[in-house]
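Heads up, the thing below is written out as structure tokens.
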Amino acid sequence: MPTDTALDTDTLLTWFAEHGRDLPWRRPDCTPWGVLVSEIMLQQTPVARVVPLWEEWLDRWPRPSALAAASQGEVLRAWGKLGYPRRALRLHAAAAAIARDHDDVVPADVDTLLALPGIGAYTARAVAAFAYGRRAPVVDTNVRRVVARAVHGAGDAGRPSTTRDMADVEALLPAEESRAARLSAALMELGALVCTARGPRCADCPVYDSCAWQRAGRPAYEGPAKPVQRYGGTDRHVRGLLLDVLRGTSDPVPKERLDVVWSRAGQRDRCLDSLLVDGLVEQTADGRFALPGEHR
DNA sequence: TAGGCGTGGAC
DNA sequence: TGTCCAAGCCT
């Protein structure tokens, strides 16, 4: 007789059909392009902050070629304070590649998606699954946590290993394509709504009865401590302050306008240099600074 | 592969 | 307040 119970994926699918959120990029009329934009925006960013910006972007740039026709500066300004603005530049570049090389149609093939800028192991499979109904292991932080608990009986996921993590999820996926795609969404949704990092709501969990973490008595996480991400006073902080100045003006600004945002000159200059290197800022012929692509 | 890369809300 | 966290990617 079996010593453990396989995760009840049928029940999870039923729960998702009833309790999954009605997010705009999940609606039947959403295009693959809409799904791709949502996935990039959602990287390390909460759903609530993405929704309004996603609506704005899809209205303004309904196809990859439309975004590709915009300047980098326009795109960065439209990205606003969503965070990690290099994502906007990479999405812009991906849109140009899709328009040029793929007839303005977002690819459905994982390897083709992986070749595009800003699209990694997670996003490529998320687009294949959610935009095209493909069977692909979609592994994000939610899924890693759900698998760690419900399958392995651990308190949380350890350090990521793309190969091992995808194999874990692959083993859970049903054979049928669209069903597998829905299970991937359901695993993520369970992690986002129920099997959360802090304060998991096990009493509301659809797979409580087949959860290995429950059977193990809900042991605490025992792996290596996760590194703390500081922000205040870091280069990321200063880069954010510098970019905020440039987003707020239509004309190039002299360096003095940037110098006032941070008192430590060495760090300030290093950050401005790194923004230039990253292509997030450009210098005009007369030495002023601006978002890229608008003042050549 | 470990660390850099924005931002703001929740507790 | 400070800490943790949020659908990762790139080097």
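Chain naming here is simple, since letters A, B, ... match the order of the sequence lines and numbering starts at 1 in each.
- In this structure, the side chains of Val194(A) and Val146(A) stay at 4.5 Å or more apart for every pair of heavy atoms.
- In this structure, Val143(A) reaches neither bases nor backbone, as no heavy-atom distance under 4.0 Å exists between it and the strands shown.
- Summarising the geometry, the separation between CG on Asn142(A) and P on dA6(C) is reported as 7 Å, rounded to the nearest angstrom.
- Between Leu114(A) and Arg21(A), the residue anchored closer to the 5' end of DNA chain C is Arg21(A), taking for each the nucleotide with the nearest heavy atom.
- Tyr231(A) has a side-chain polar atom (N or O) that falls below the 4.0 Å cut-off from OP1 or OP2 of dT7(B).
- Between Arg90(A) atom CZ and dG8(C) atom C1' the separation is 10 Å, expressed in whole Å.
- Here Arg247(A) reaches the OP1 or OP2 of dT7(B): one of its side-chain N or O atoms lies under 4.0 Å away.
- If you check every strand for non-hydrogen atoms under 4.0 Å, Trp79(A) touches nothing.
- Remark: Thr123(A) is in phosphate contact with dC9(C), judged by side-chain N or O atoms under 4.0 Å from OP1 or OP2.
- One N or O donor and one acceptor, one from the side chain of Thr45(A) and one from the base of dG6(B), sit under 3.5 Å apart.
- Taking the P atoms as reference points, dG3(B) lies 22 Å from dA7(C), given to the whole Å.
- For dA6(C), the OP1/OP2 oxygens have a side-chain nitrogen or oxygen of Arg145(A) closer than 4.0 Å.
- Using a 4.0 Å heavy-atom cutoff across all strands shown, Ala197(A) reaches sugar-phosphate atoms only and no base atom.
- Between Arg179(A) and Asp10(A) there is a salt bridge, since a side-chain N of the basic residue sits under 4.0 Å from a carboxylate O of the acidic one.
- For His19(A) (side chain) and Trp15(A) (main-chain N/O), no donor-acceptor pair under 3.5 Å exists by modelled atom type.
- Side chain of Arg86(A), nearest nucleotide from dA7(C), dC9(C), dC5(B): dC5(B).
- Put simply, Gln43(A) has no side-chain N or O that comes within less than 4.0 Å of OP1 or OP2 on dA7(C).
- Considering only side-chain atoms of Asp235(A), the nucleotide from dC4(C), dC5(B), dA7(C) that sits closest is dC5(B).
- Checking side-chain atoms of Arg239(A) against main-chain N and O of Cys271(A) turns up no donor-acceptor pair under 3.5 Å.
- Side chain of Trp54(A) to main chain of Gly34(A): a donor-acceptor pair is present (N/O by atom type, distance under 3.5 Å, no hydrogens or angles).
- One finds no side-chain N or O of Arg125(A) lying less than 4.0 angstrom from the OP1 or OP2 phosphate oxygen of dA7(C).
- In this structure, the CG atom of Leu91(A) is 12 Å from the P atom of dC10(C), given to the nearest Å.
- Between Glu39(A) atom CD and dG8(C) atom C1' there is a gap of 11 Å when expressed in whole angstrom units.
- Classification of Asp29(A) and Arg27(A) as a salt-bridged pair fails, no side-chain N sitting under 4.0 Å from a carboxylate O.
- Closest approach to the Lys81(A) side chain among dG8(B), dC5(B), dC5(C) is made by dG8(B) (side chain taken as heavy atoms from C-beta onward).
- Residue Leu241(A) contributes atom CG, which lies 14 Å from atom C1' of dG8(B) at whole-angstrom precision.
- What separates CD of Gln229(A) from P of dC5(C) is a distance of 12 Å, to the nearest Å.
- Donor-acceptor pairing under 3.5 Å, judged by distance alone, is present between the side chain of Arg49(A) and the base of dT7(B).
- The residue Ala48(A) sits apart from the nucleic acid: no heavy atom pair falls under 4.0 Å.
- Within the 3.5 Å criterion, the main-chain N or O of Arg134(A) finds no donor-acceptor partner in the side chain of Glu177(A).
- Nucleotides of DNA chain B nearest to Pro227(A) and His237(A) differ in position, and the one nearer the 5' end is that of Pro227(A).
- No contact: Thr234(A) has no heavy atom under 4.0 Å from any strand.
- Proximity of Arg198(A) to the phosphate of dC11(B): no side-chain N or O atom is located under 4.0 Å from OP1 or OP2.
- Contacts of Ile119(A) with the nucleic acid, taken as non-hydrogen atoms under 4.0 Å apart, involve only primed sugar atoms and P, OP1 or OP2.
- Residue Arg144(A) is out of contact with every strand shown, counting any heavy-atom pair closer than 4.0 Å.
- Rounding to whole angstrom units, CE of residue Met166(A) and P of dG8(C) are separated by 15 Å.
- The side chain of Leu23(A) lies closest to dA7(C) when the candidates are dA6(C), dG6(B), dA7(C).
- dA7(C) atom P lies 10 Å from atom CG of Leu193(A), rounded to whole Å.
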